[in-house]
Amino acid sequence: MQTTVFEAKAVKFGTYACGKAHGSAAAAVRAGAHNASSFQSKAVFQSKARNGSSRAQTVLVRAEDADTDYSVFSLSYDIENASDELTKDWKPTINVAVSGAAGQISNHLLFMLASGEVYGKDQPINLKMLGSTGSYEALQGVAMELEDSLYPLLRSVDIGINAEEIFEDADWALLIGAKPRGPGMERSDLLEMNGSIFSAQGKALDKVAKKDVKVMVVGNPCNTNALICQKNAPSLDPKNFHALTRLDENRAKSQLALKAGVFYTEVSNVAIWGNHSTTQVPDYVNAKIGGAPAVDLIDDLEWCQETMTPLVATRGGALIKKWGRSSAASTAVSIADAIRALVVPTAEGDCFSTAVITDGNPYSDNIPEGIVFSMPATSTGDGNYEICENFVIDEWLEKKIAASVEELSKEKDCVKHLFGEYGGACDVDSSEDTSLPGDVQDEL
Ligand SMILES: NC(=O)c1ccc[n+]([C@@H]2O[C@H](COP(=O)([O-])OP(=O)(O)OC[C@H]3O[C@@H](n4cnc5c(N)ncnc54)[C@H](O)[C@@H]3O)[C@@H](O)[C@H]2O)c1
(Lines give C-alpha, C1' and ligand atoms only; values in the text may rest on other atoms or scores of the structure.)
Protein backbone atom coordinates (compact mmCIF):
# COMPACT_ATOMS: atom_id res chain seq x y z
CA MET A 1 0.00 0.00 0.00
CA GLN A 2 1.26 3.38 -0.98
CA THR A 3 0.50 6.54 0.87
CA THR A 4 0.84 10.03 -0.48
CA VAL A 5 0.39 13.24 1.41
CA PHE A 6 -0.92 16.46 -0.11
CA GLU A 7 -1.53 19.84 1.35
CA ALA A 8 -4.48 22.06 0.65
CA LYS A 9 -6.56 24.75 2.23
CA ALA A 10 -9.87 23.97 3.85
CA VAL A 11 -12.31 26.54 5.14
CA LYS A 12 -14.49 26.72 8.13
CA PHE A 13 -17.67 26.89 6.06
CA GLY A 14 -16.60 23.95 3.94
CA THR A 15 -16.96 20.38 4.93
CA TYR A 16 -15.81 17.68 2.62
CA ALA A 17 -13.66 18.82 -0.22
CA CYS A 18 -13.54 16.43 -3.09
CA GLY A 19 -9.96 15.77 -4.12
CA LYS A 20 -8.63 13.69 -6.97
CA ALA A 21 -5.93 11.09 -7.27
CA HIS A 22 -2.41 12.33 -7.80
CA GLY A 23 -3.03 15.21 -5.49
CA SER A 24 -5.31 17.16 -7.77
CA ALA A 25 -6.05 20.28 -5.82
CA ALA A 26 -9.79 20.04 -6.38
CA ALA A 27 -10.34 20.62 -2.70
CA ALA A 28 -8.08 23.60 -2.71
CA VAL A 29 -9.97 25.02 -5.66
CA ARG A 30 -13.28 24.49 -3.91
CA ALA A 31 -11.92 26.04 -0.75
CA GLY A 32 -10.55 28.93 -2.72
CA ALA A 33 -13.98 29.57 -4.19
CA HIS A 34 -15.25 30.58 -0.79
CA ASN A 35 -14.99 34.22 -0.06
CA ALA A 36 -12.26 35.79 1.98
CA SER A 37 -14.54 36.23 4.96
CA SER A 38 -14.47 32.48 5.49
CA PHE A 39 -12.17 31.29 8.18
CA GLN A 40 -9.18 29.56 6.58
CA SER A 41 -7.45 26.66 8.16
CA LYS A 42 -4.73 24.40 6.85
CA ALA A 43 -5.57 20.82 6.11
CA VAL A 44 -3.66 17.71 5.14
CA PHE A 45 -4.85 15.40 2.40
CA GLN A 46 -3.91 11.81 2.87
CA SER A 47 -4.38 9.70 -0.20
CA LYS A 48 -4.06 5.94 -0.11
CA ALA A 49 -3.63 4.06 -3.35
CA ARG A 50 -4.63 0.42 -3.19
CA ASN A 51 -2.44 -2.44 -4.35
CA GLY A 52 0.28 -0.11 -5.49
CA SER A 53 -2.03 1.35 -8.17
CA SER A 54 -1.60 5.00 -8.90
CA ARG A 55 -5.36 5.58 -8.54
CA ALA A 56 -6.38 6.97 -5.19
CA GLN A 57 -9.29 5.23 -3.53
CA THR A 58 -9.80 7.41 -0.52
CA VAL A 59 -8.81 10.89 0.46
CA LEU A 60 -9.49 12.22 3.91
CA VAL A 61 -9.10 15.83 4.88
CA ARG A 62 -8.84 17.19 8.37
CA ALA A 63 -8.32 20.77 9.32
CA GLU A 64 -5.50 21.51 11.71
CA ASP A 65 -8.11 22.76 14.16
CA ALA A 66 -10.17 19.60 13.72
CA ASP A 67 -10.64 19.32 17.46
CA THR A 68 -12.85 22.36 17.43
CA ASP A 69 -14.11 22.31 13.86
CA TYR A 70 -15.72 18.94 13.37
CA SER A 71 -17.19 19.86 10.04
CA VAL A 72 -13.98 20.03 8.06
CA PHE A 73 -13.19 16.72 6.45
CA SER A 74 -13.04 15.13 3.06
CA LEU A 75 -13.80 11.79 1.58
CA SER A 76 -12.86 11.45 -2.02
CA TYR A 77 -12.91 8.94 -4.79
CA ASP A 78 -11.55 9.42 -8.28
CA ILE A 79 -14.69 8.74 -10.30
CA GLU A 80 -13.26 9.86 -13.60
CA ASN A 81 -10.47 7.32 -13.56
CA ALA A 82 -12.48 4.60 -11.88
CA SER A 83 -12.97 1.36 -13.72
CA ASP A 84 -14.60 -0.78 -11.07
CA GLU A 85 -18.14 -2.16 -11.24
CA LEU A 86 -19.51 0.26 -8.64
CA THR A 87 -18.66 3.52 -10.32
CA LYS A 88 -18.09 2.92 -14.00
CA ASP A 89 -21.66 3.82 -14.97
CA TRP A 90 -22.06 6.75 -12.63
CA LYS A 91 -23.38 10.01 -14.09
CA PRO A 92 -21.55 13.35 -13.68
CA THR A 93 -21.87 14.67 -10.13
CA ILE A 94 -24.65 17.17 -9.41
CA ASN A 95 -24.77 19.90 -6.76
CA VAL A 96 -27.72 19.73 -4.39
CA ALA A 97 -28.20 22.68 -2.02
CA VAL A 98 -30.42 22.19 1.03
CA SER A 99 -31.43 25.06 3.31
CA GLY A 100 -32.62 24.38 6.85
CA ALA A 101 -30.21 21.47 6.75
CA ALA A 102 -30.05 21.19 10.54
CA GLY A 103 -33.83 20.96 10.87
CA GLN A 104 -36.18 18.04 11.43
CA ILE A 105 -37.14 17.43 7.81
CA SER A 106 -33.56 17.59 6.58
CA ASN A 107 -32.53 15.13 9.24
CA HIS A 108 -34.46 12.54 7.26
CA LEU A 109 -34.03 13.92 3.76
CA LEU A 110 -30.25 14.34 3.66
CA PHE A 111 -29.67 10.65 4.26
CA MET A 112 -32.14 9.72 1.52
CA LEU A 113 -30.34 12.06 -0.88
CA ALA A 114 -26.93 10.67 0.03
CA SER A 115 -28.05 7.05 -0.28
CA GLY A 116 -29.04 7.42 -3.94
CA GLU A 117 -32.70 6.61 -3.43
CA VAL A 118 -33.78 10.03 -4.68
CA TYR A 119 -31.62 10.90 -7.69
CA GLY A 120 -30.69 7.32 -8.49
CA LYS A 121 -28.07 4.76 -7.55
CA ASP A 122 -25.85 6.00 -10.40
CA GLN A 123 -26.04 9.69 -9.49
CA PRO A 124 -23.22 11.03 -7.30
CA ILE A 125 -24.00 14.28 -5.50
CA ASN A 126 -22.26 17.16 -3.76
CA LEU A 127 -24.36 18.24 -0.77
CA LYS A 128 -24.30 21.94 0.04
CA MET A 129 -26.02 22.57 3.34
CA LEU A 130 -27.27 25.99 4.40
CA GLY A 131 -28.13 26.76 7.99
CA SER A 132 -28.78 29.80 10.13
CA THR A 133 -26.28 31.32 12.56
CA GLY A 134 -28.02 29.63 15.46
CA SER A 135 -27.97 26.21 13.80
CA TYR A 136 -24.33 26.19 12.71
CA GLU A 137 -23.16 23.77 15.41
CA ALA A 138 -26.08 21.48 14.64
CA LEU A 139 -25.11 21.67 10.98
CA GLN A 140 -21.64 20.44 11.92
CA GLY A 141 -23.29 17.58 13.79
CA VAL A 142 -25.30 16.65 10.67
CA ALA A 143 -22.08 16.72 8.64
CA MET A 144 -20.47 14.39 11.18
CA GLU A 145 -23.36 11.95 10.81
CA LEU A 146 -23.03 12.04 7.04
CA GLU A 147 -19.29 11.45 7.39
CA ASP A 148 -20.03 8.43 9.56
CA SER A 149 -22.52 6.96 7.09
CA LEU A 150 -20.04 6.04 4.33
CA TYR A 151 -22.28 6.78 1.36
CA PRO A 152 -20.29 6.14 -1.82
CA LEU A 153 -22.47 8.47 -3.92
CA LEU A 154 -21.91 11.38 -1.55
CA ARG A 155 -18.98 13.13 -3.18
CA SER A 156 -18.68 16.16 -0.97
CA VAL A 157 -20.40 18.16 1.74
CA ASP A 158 -20.21 21.90 2.28
CA ILE A 159 -21.86 23.68 5.15
CA GLY A 160 -22.39 27.37 5.66
CA ILE A 161 -24.66 30.23 6.56
CA ASN A 162 -24.05 32.33 3.47
CA ALA A 163 -26.57 31.53 0.70
CA GLU A 164 -24.31 32.88 -2.05
CA GLU A 165 -21.56 30.48 -1.06
CA ILE A 166 -23.78 27.47 -0.62
CA PHE A 167 -25.90 27.97 -3.76
CA GLU A 168 -22.90 28.30 -6.05
CA ASP A 169 -23.39 26.11 -9.16
CA ALA A 170 -26.43 24.44 -7.60
CA ASP A 171 -28.33 22.08 -9.91
CA TRP A 172 -31.06 21.72 -7.28
CA ALA A 173 -32.00 23.99 -4.38
CA LEU A 174 -34.25 22.45 -1.74
CA LEU A 175 -35.36 25.40 0.37
CA ILE A 176 -36.60 23.93 3.64
CA GLY A 177 -35.33 26.42 6.21
CA ALA A 178 -37.85 28.96 7.44
CA LYS A 179 -38.76 30.70 10.66
CA PRO A 180 -41.75 29.35 12.57
CA ARG A 181 -44.50 31.71 13.69
CA GLY A 182 -44.02 32.72 17.31
CA PRO A 183 -46.83 32.99 19.85
CA GLY A 184 -49.14 35.91 19.08
CA MET A 185 -47.54 36.62 15.74
CA GLU A 186 -49.93 37.53 12.92
CA ARG A 187 -49.97 35.50 9.72
CA SER A 188 -49.03 38.67 7.84
CA ASP A 189 -45.92 38.99 10.04
CA LEU A 190 -44.94 35.44 9.16
CA LEU A 191 -45.36 36.21 5.46
CA GLU A 192 -43.13 39.24 5.83
CA MET A 193 -40.48 37.51 7.95
CA ASN A 194 -40.11 34.45 5.75
CA GLY A 195 -40.60 36.57 2.65
CA SER A 196 -37.40 38.41 3.36
CA ILE A 197 -35.52 35.08 3.72
CA PHE A 198 -36.84 33.88 0.37
CA SER A 199 -36.20 37.14 -1.45
CA ALA A 200 -32.55 37.02 -0.30
CA GLN A 201 -32.27 33.36 -1.31
CA GLY A 202 -33.87 34.11 -4.71
CA LYS A 203 -31.28 36.83 -5.31
CA ALA A 204 -28.48 34.47 -4.30
CA LEU A 205 -29.74 31.74 -6.64
CA ASP A 206 -30.03 34.28 -9.44
CA LYS A 207 -26.42 35.27 -8.94
CA VAL A 208 -24.60 31.98 -8.40
CA ALA A 209 -26.73 28.91 -9.18
CA LYS A 210 -26.76 27.08 -12.52
CA LYS A 211 -29.19 28.77 -14.91
CA ASP A 212 -31.34 25.63 -15.10
CA VAL A 213 -31.40 25.08 -11.32
CA LYS A 214 -34.57 23.39 -10.07
CA VAL A 215 -35.85 25.07 -6.92
CA MET A 216 -38.19 23.35 -4.48
CA VAL A 217 -39.59 25.50 -1.69
CA VAL A 218 -40.76 23.63 1.41
CA GLY A 219 -40.56 26.32 4.12
CA ASN A 220 -44.01 27.73 4.84
CA PRO A 221 -45.99 29.54 3.58
CA CYS A 222 -44.38 27.64 0.71
CA ASN A 223 -46.48 28.81 -2.27
CA THR A 224 -45.94 32.48 -1.57
CA ASN A 225 -42.32 31.93 -0.52
CA ALA A 226 -41.74 30.23 -3.89
CA LEU A 227 -43.32 33.20 -5.68
CA ILE A 228 -41.07 35.64 -3.81
CA CYS A 229 -38.01 33.51 -4.52
CA GLN A 230 -38.85 33.26 -8.24
CA LYS A 231 -39.55 36.97 -8.61
CA ASN A 232 -36.15 37.75 -7.08
CA ALA A 233 -34.37 35.50 -9.57
CA PRO A 234 -35.22 37.06 -12.94
CA SER A 235 -32.43 35.31 -14.86
CA LEU A 236 -33.76 31.85 -13.96
CA ASP A 237 -36.62 30.07 -15.73
CA PRO A 238 -39.81 30.75 -13.68
CA LYS A 239 -41.02 27.24 -14.59
CA ASN A 240 -38.26 25.74 -12.45
CA PHE A 241 -39.66 27.03 -9.15
CA HIS A 242 -41.84 24.61 -7.20
CA ALA A 243 -43.58 24.67 -3.83
CA LEU A 244 -44.11 21.31 -2.18
CA THR A 245 -47.65 19.89 -2.24
CA ARG A 246 -46.58 16.29 -2.74
CA LEU A 247 -47.15 15.51 0.95
CA ASP A 248 -50.79 16.54 0.51
CA GLU A 249 -51.06 14.32 -2.58
CA ASN A 250 -49.58 11.36 -0.72
CA ARG A 251 -52.04 11.91 2.13
CA ALA A 252 -54.98 11.99 -0.30
CA LYS A 253 -53.80 8.83 -2.07
CA SER A 254 -53.47 7.01 1.21
CA GLN A 255 -57.03 7.94 2.28
CA LEU A 256 -58.52 6.95 -1.09
CA ALA A 257 -56.71 3.60 -1.00
CA LEU A 258 -57.89 2.91 2.55
CA LYS A 259 -61.49 3.81 1.70
CA ALA A 260 -61.50 1.67 -1.46
CA GLY A 261 -59.67 -1.20 0.25
CA VAL A 262 -56.93 -1.32 -2.38
CA PHE A 263 -53.16 -1.08 -2.27
CA TYR A 264 -52.09 2.51 -2.80
CA THR A 265 -50.33 1.71 -6.08
CA GLU A 266 -53.82 1.25 -7.57
CA VAL A 267 -54.58 4.93 -6.92
CA SER A 268 -53.47 7.34 -9.64
CA ASN A 269 -54.16 10.76 -11.13
CA VAL A 270 -54.59 12.42 -7.73
CA ALA A 271 -54.14 16.17 -7.97
CA ILE A 272 -53.86 18.74 -5.22
CA TRP A 273 -55.02 22.15 -6.38
CA GLY A 274 -54.07 25.42 -4.75
CA ASN A 275 -52.27 26.52 -1.64
CA HIS A 276 -50.40 24.29 0.82
CA SER A 277 -52.87 25.38 3.51
CA THR A 278 -56.27 24.22 4.64
CA THR A 279 -57.78 25.78 1.50
CA GLN A 280 -55.98 23.14 -0.58
CA VAL A 281 -58.20 21.01 -2.79
CA PRO A 282 -57.55 17.24 -2.92
CA ASP A 283 -59.14 16.25 -6.25
CA TYR A 284 -61.28 13.13 -5.92
CA VAL A 285 -63.14 14.09 -9.14
CA ASN A 286 -60.31 13.16 -11.51
CA ALA A 287 -58.67 10.54 -9.28
CA LYS A 288 -58.54 6.96 -10.52
CA ILE A 289 -58.46 3.62 -8.80
CA GLY A 290 -57.36 0.69 -10.89
CA GLY A 291 -57.57 2.99 -13.92
CA ALA A 292 -61.29 3.76 -13.40
CA PRO A 293 -62.82 6.89 -11.80
CA ALA A 294 -62.30 6.71 -8.02
CA VAL A 295 -65.81 8.06 -7.41
CA ASP A 296 -67.32 5.02 -9.18
CA LEU A 297 -65.54 2.59 -6.89
CA ILE A 298 -65.95 4.59 -3.70
CA ASP A 299 -69.52 5.62 -4.55
CA ASP A 300 -69.78 8.00 -1.60
CA LEU A 301 -69.65 11.67 -2.59
CA GLU A 302 -70.38 12.83 0.92
CA TRP A 303 -67.30 11.00 2.20
CA CYS A 304 -65.17 12.50 -0.59
CA GLN A 305 -66.32 16.04 0.08
CA GLU A 306 -67.03 16.15 3.80
CA THR A 307 -64.60 13.59 5.25
CA MET A 308 -61.64 12.99 2.94
CA THR A 309 -61.16 16.61 1.88
CA PRO A 310 -60.90 18.18 5.37
CA LEU A 311 -59.04 15.13 6.68
CA VAL A 312 -56.27 15.64 4.13
CA ALA A 313 -56.26 19.41 4.51
CA THR A 314 -55.93 19.30 8.31
CA ARG A 315 -53.76 16.18 8.55
CA GLY A 316 -50.72 18.13 9.71
CA GLY A 317 -52.55 19.56 12.74
CA ALA A 318 -53.94 16.15 13.68
CA LEU A 319 -50.44 14.70 13.50
CA ILE A 320 -49.03 17.40 15.78
CA LYS A 321 -51.66 16.58 18.40
CA LYS A 322 -50.58 12.94 18.44
CA TRP A 323 -46.86 13.24 17.85
CA GLY A 324 -46.10 16.50 19.60
CA ARG A 325 -44.20 17.87 16.62
CA SER A 326 -44.84 18.45 12.96
CA SER A 327 -44.46 15.87 10.24
CA ALA A 328 -40.82 15.53 9.32
CA ALA A 329 -40.29 11.97 8.07
CA SER A 330 -43.32 11.92 5.75
CA THR A 331 -42.45 15.40 4.51
CA ALA A 332 -38.93 14.22 3.66
CA VAL A 333 -40.41 11.21 1.85
CA SER A 334 -42.69 13.54 -0.11
CA ILE A 335 -39.76 15.81 -1.09
CA ALA A 336 -37.99 12.70 -2.37
CA ASP A 337 -41.16 11.77 -4.30
CA ALA A 338 -41.43 15.31 -5.70
CA ILE A 339 -37.84 15.20 -6.96
CA ARG A 340 -38.26 11.72 -8.41
CA ALA A 341 -41.41 12.92 -10.17
CA LEU A 342 -39.16 15.28 -12.15
CA VAL A 343 -36.24 12.95 -12.80
CA VAL A 344 -38.22 9.79 -13.63
CA PRO A 345 -40.82 9.77 -16.44
CA THR A 346 -44.44 9.89 -15.21
CA ALA A 347 -46.31 6.62 -15.72
CA GLU A 348 -48.87 6.65 -18.55
CA GLY A 349 -52.21 7.97 -17.33
CA ASP A 350 -50.81 9.29 -14.06
CA CYS A 351 -49.78 12.75 -12.83
CA PHE A 352 -48.09 14.35 -9.84
CA SER A 353 -48.95 17.52 -7.95
CA THR A 354 -46.63 20.46 -7.75
CA ALA A 355 -47.25 24.13 -7.00
CA VAL A 356 -45.78 26.20 -9.82
CA ILE A 357 -46.13 29.59 -11.39
CA THR A 358 -49.55 29.86 -13.05
CA ASP A 359 -48.51 31.94 -16.07
CA GLY A 360 -49.82 30.24 -19.22
CA ASN A 361 -51.66 27.50 -17.29
CA PRO A 362 -54.42 25.65 -19.15
CA TYR A 363 -57.08 26.41 -16.49
CA SER A 364 -57.08 30.17 -16.94
CA ASP A 365 -60.88 30.40 -16.43
CA ASN A 366 -60.30 29.31 -12.82
CA ILE A 367 -56.67 30.02 -12.06
CA PRO A 368 -55.24 33.49 -12.75
CA GLU A 369 -51.65 34.14 -13.73
CA GLY A 370 -49.03 35.46 -11.32
CA ILE A 371 -49.39 33.11 -8.35
CA VAL A 372 -47.83 29.79 -7.36
CA PHE A 373 -50.63 27.24 -7.38
CA SER A 374 -50.63 23.47 -7.08
CA MET A 375 -51.74 21.70 -10.25
CA PRO A 376 -51.39 18.25 -11.82
CA ALA A 377 -48.35 17.74 -14.03
CA THR A 378 -46.39 15.11 -15.91
CA SER A 379 -42.69 14.86 -16.69
CA THR A 380 -40.55 13.02 -19.21
CA GLY A 381 -37.93 12.70 -16.47
CA ASP A 382 -35.61 15.44 -17.69
CA GLY A 383 -36.32 17.74 -14.74
CA ASN A 384 -39.03 19.65 -16.61
CA TYR A 385 -42.80 19.17 -16.54
CA GLU A 386 -46.01 19.98 -18.35
CA ILE A 387 -49.30 20.86 -16.63
CA CYS A 388 -51.99 18.26 -17.43
CA GLU A 389 -54.63 19.79 -19.67
CA ASN A 390 -57.45 17.31 -19.45
CA PHE A 391 -58.60 17.55 -15.85
CA VAL A 392 -62.35 18.12 -15.41
CA ILE A 393 -63.15 21.11 -13.19
CA ASP A 394 -66.67 20.46 -11.96
CA GLU A 395 -68.77 22.85 -9.89
CA TRP A 396 -67.40 21.58 -6.57
CA LEU A 397 -63.79 21.88 -7.66
CA GLU A 398 -64.46 25.30 -9.16
CA LYS A 399 -65.75 26.67 -5.85
CA LYS A 400 -62.93 25.18 -3.80
CA ILE A 401 -60.26 26.30 -6.25
CA ALA A 402 -61.69 29.84 -6.17
CA ALA A 403 -61.22 29.98 -2.37
CA SER A 404 -57.58 28.93 -2.65
CA VAL A 405 -56.99 31.43 -5.48
CA GLU A 406 -58.42 34.18 -3.29
CA GLU A 407 -56.18 33.22 -0.39
CA LEU A 408 -53.04 33.16 -2.53
CA SER A 409 -53.93 36.46 -4.19
CA LYS A 410 -54.24 38.04 -0.72
CA GLU A 411 -50.92 36.54 0.36
CA LYS A 412 -49.34 37.99 -2.77
CA ASP A 413 -50.72 41.43 -1.93
CA CYS A 414 -48.92 41.24 1.42
CA VAL A 415 -45.51 40.52 -0.08
CA LYS A 416 -45.54 42.37 -3.42
CA HIS A 417 -43.10 44.95 -2.13
CA LEU A 418 -40.53 42.16 -1.76
CA PHE A 419 -40.32 41.92 -5.53
CA GLY A 420 -40.76 45.54 -6.43
CA GLU A 421 -44.53 45.66 -7.04
CA TYR A 422 -46.72 48.00 -5.10
CA GLY A 423 -50.46 48.42 -4.56
CA GLY A 424 -52.95 46.17 -2.76
CA ALA A 425 -53.42 46.04 0.99
CA CYS A 426 -52.28 43.13 3.13
CA ASP A 427 -55.58 41.55 4.08
CA VAL A 428 -54.87 37.97 5.21
CA ASP A 429 -57.36 36.65 7.71
CA SER A 430 -55.78 35.48 10.96
CA SER A 431 -59.13 34.75 12.60
CA GLU A 432 -59.64 31.63 10.52
CA ASP A 433 -56.13 30.24 10.42
CA THR A 434 -55.44 28.24 7.27
CA SER A 435 -51.70 27.90 7.80
CA LEU A 436 -50.28 24.46 8.17
CA PRO A 437 -48.21 23.04 11.02
CA GLY A 438 -44.60 23.92 11.26
CA ASP A 439 -45.24 27.62 10.94
CA VAL A 440 -46.78 28.02 14.39
CA GLN A 441 -44.27 27.45 17.14
CA ASP A 442 -46.69 27.47 20.04
CA GLU A 443 -48.62 24.52 18.62
CA LEU A 444 -45.69 22.30 19.41
N1 LIG B 1 -44.69 22.14 2.22
C2 LIG B 1 -44.88 21.15 3.07
O3 LIG B 1 -45.52 20.15 2.74
C4 LIG B 1 -44.32 21.20 4.46
C5 LIG B 1 -44.52 20.13 5.34
C6 LIG B 1 -43.97 20.20 6.61
C7 LIG B 1 -43.24 21.31 7.01
N8 LIG B 1 -43.09 22.34 6.13
C9 LIG B 1 -42.32 23.54 6.49
O10 LIG B 1 -40.93 23.22 6.37
C11 LIG B 1 -40.19 24.13 7.19
C12 LIG B 1 -39.11 23.37 7.96
O13 LIG B 1 -39.70 22.43 8.83
P14 LIG B 1 -38.80 21.65 9.90
O15 LIG B 1 -39.73 20.78 10.65
O16 LIG B 1 -37.61 21.04 9.27
O17 LIG B 1 -38.39 22.88 10.81
P18 LIG B 1 -37.18 22.99 11.85
O19 LIG B 1 -37.52 24.16 12.72
O20 LIG B 1 -36.87 21.68 12.48
O21 LIG B 1 -35.94 23.36 10.92
C22 LIG B 1 -35.82 24.57 10.27
C23 LIG B 1 -34.34 24.88 10.17
O24 LIG B 1 -34.19 26.00 9.31
C25 LIG B 1 -33.18 26.81 9.83
N26 LIG B 1 -33.34 28.15 9.27
C27 LIG B 1 -34.12 29.17 9.68
N28 LIG B 1 -33.94 30.24 8.89
C29 LIG B 1 -33.04 29.89 7.96
C30 LIG B 1 -32.45 30.56 6.88
N31 LIG B 1 -32.73 31.82 6.61
N32 LIG B 1 -31.55 29.89 6.11
C33 LIG B 1 -31.24 28.61 6.38
N34 LIG B 1 -31.76 27.92 7.40
C35 LIG B 1 -32.66 28.55 8.18
C36 LIG B 1 -33.39 26.75 11.33
O37 LIG B 1 -32.22 27.10 12.02
C38 LIG B 1 -33.72 25.26 11.51
O39 LIG B 1 -32.55 24.49 11.69
C40 LIG B 1 -41.22 24.85 8.06
O41 LIG B 1 -41.46 26.12 7.50
C42 LIG B 1 -42.46 24.00 7.91
O43 LIG B 1 -43.63 24.75 8.10
C44 LIG B 1 -43.60 22.31 4.87
Side-chain angles (χ1 to χ4, degrees), residues 13 97-110 128-142 159-167 173-182 185 187 190-191 193-205 215-226 228-229 242-252 272 274-278 280 282 312-317 319-320 323-338 353-355 372 374 433-444:
F13 294 152
V98 180
S99 84
Q104 291 188 85
I105 295 170
S106 295
N107 194 37
H108 297 271
L109 180 67
L110 290 166
K128 295 154 88 70
M129 311 198 305
L130 182 69
S132 54
T133 320
S135 66
Y136 187 72
E137 291 243 342
L139 210 51
Q140 290 183 311
V142 177
I159 64 172
I161 56 169
N162 179 331
E164 272 190 30
E165 285 183 2
I166 293 297
F167 292 166
L174 313 178
L175 306 186
I176 302 171
K179 292 260 187 289
R181 180 144 52 126
M185 189 187 285
R187 188 161 157 71
L190 181 79
L191 279 163
M193 187 172 64
N194 280 321
S196 53
I197 292 176
F198 286 87
S199 58
Q201 293 189 355
K203 287 187 177 82
L205 286 167
V215 183
M216 190 155 298
V217 177
V218 178
N220 279 320
C222 62
N223 294 54
T224 297
N225 288 341
I228 294 165
C229 192
H242 301 256
L244 184 79
T245 52
R246 181 59 187 250
L247 176 60
D248 309 304
E249 176 190 325
N250 288 356
R251 287 167 171 167
I272 297 293
N275 199 2
H276 174 67
S277 75
T278 60
Q280 68 178 258
V312 170
T314 61
R315 182 73 160 180
L319 193 135
I320 280 186
W323 190 212
R325 58 183 173 81
S326 69
S327 51
S330 56
T331 304
V333 168
S334 74
I335 297 169
D337 287 343
S353 304
T354 184
V372 168
S374 184
D433 202 338
T434 62
S435 55
L436 283 177
D439 62 1
V440 186
Q441 191 139 48
D442 58 351
E443 280 187 59
L444 299 175

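One is the number of the first residue; the rest follow in order along the sequence. The figures that follow rest on heavy atoms only: side chains count, while hydrogens, waters and symmetry mates do not. We count ligands from 1, going down the list as the structure has it; atoms in each ligand are counted the same way.
The shortest distance between side-chain heavy atoms of Ser353 and Asp248 does not fall below 4.5 Å. Side chains of Leu190 and Met193 form a contact here, defined as non-hydrogen atoms less than 4.5 Å apart. A 4.5 Å side-chain heavy-atom check between Leu205 and Cys229 finds at least one atom pair inside the cut-off. With a 4.5 Å cut-off on side-chain heavy atoms, Phe167 and Leu130 count as touching. Val312 has its side chain within reach of Gln280: a pair of non-hydrogen atoms, C-beta onward, lies under 4.5 Å apart.
With respect to Val218, the side chain to side chain contact (heavy atoms under 4.5 Å, CB included) criterion is satisfied by exactly one of Thr331, Leu174, Leu175: Thr331.
Close approach of ligand 1 to Lys179 is summarised as follows: ligand atoms under 4.0 Å from at least one heavy atom of the residue are 27 (C), 28 (N). Of all the atoms in ligand 1, the ones that sit under 4.0 Å from a non-hydrogen atom of Gly219 are 10 (O), 11 (C), 41 (O). Residue Ile176 approaches ligand 1 through these ligand atoms, each under 4.0 Å from one of its heavy atoms: 10 (O), 11 (C), 12 (C). Atoms of ligand 1 found under 4.0 Å from any heavy atom of Gly100, numbered from 1 in the order shown, are 23 (C), 24 (O), 25 (C), 33 (C), 34 (N).
Only side-chain heavy atoms of Ser135 come within less than 4.0 Å of ligand 1; its backbone N, CA, C and O stay farther off. If you look at Ile197 next to ligand 1, the close heavy atoms, those under 4.0 Å, all belong to the side chain. Residue-level proximity to ligand 1 for Gln201 is carried by the side chain, the only part with a heavy atom below 4.0 angstrom. With a 4.0 Å heavy-atom cut-off, ligand 1 is reached by the side chain of His276 but not by its N, CA, C or O.
Residue Ser106 places no N or O, backbone or side chain, under 3.5 Å from any N or O of ligand 1. Between Ile105 and ligand 1, an N or O atom pair is found at a separation short of 3.5 Å. Of the N or O atoms in Ser99, none lie within a sub-3.5 Å distance of an N or O in ligand 1. Between Asp248 and ligand 1, not a single N/O pair is under 3.5 Å apart.
Smallest separation of non-hydrogen atoms from Ser330 and Ser327: OG-CB, 3.6 Å.
A distance-only check finds no donor-acceptor pair linking the side chain of Asn223 to the backbone of Ala243 [under 3.5 Å]. With Thr354 contributing its side chain and His242 its backbone, the two residues share no donor-acceptor pair below 3.5 Å.
Within the 4.0 Å heavy-atom cutoff, Arg325 does not count among the residues contacting ligand 1. The shortest separation from a heavy atom of Cys222 to ligand 1 is under 4.0 Å, placing the residue in contact. Ligand 1 does not have Ala328 within reach: every non-hydrogen atom of the residue lies 4.0 Å or more from it.
By heavy-atom distance, the residue among Asn162, Thr331, Leu139 lying nearest atom 5 (C) of ligand 1 is Thr331.
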Stepwise side chain to side chain contact (heavy atoms under 4.5 Å, CB included) test for Ile176 and Val98: CA-CA 7 Å; Ile176 302 171; Val98 180; 3.9 Å; yes

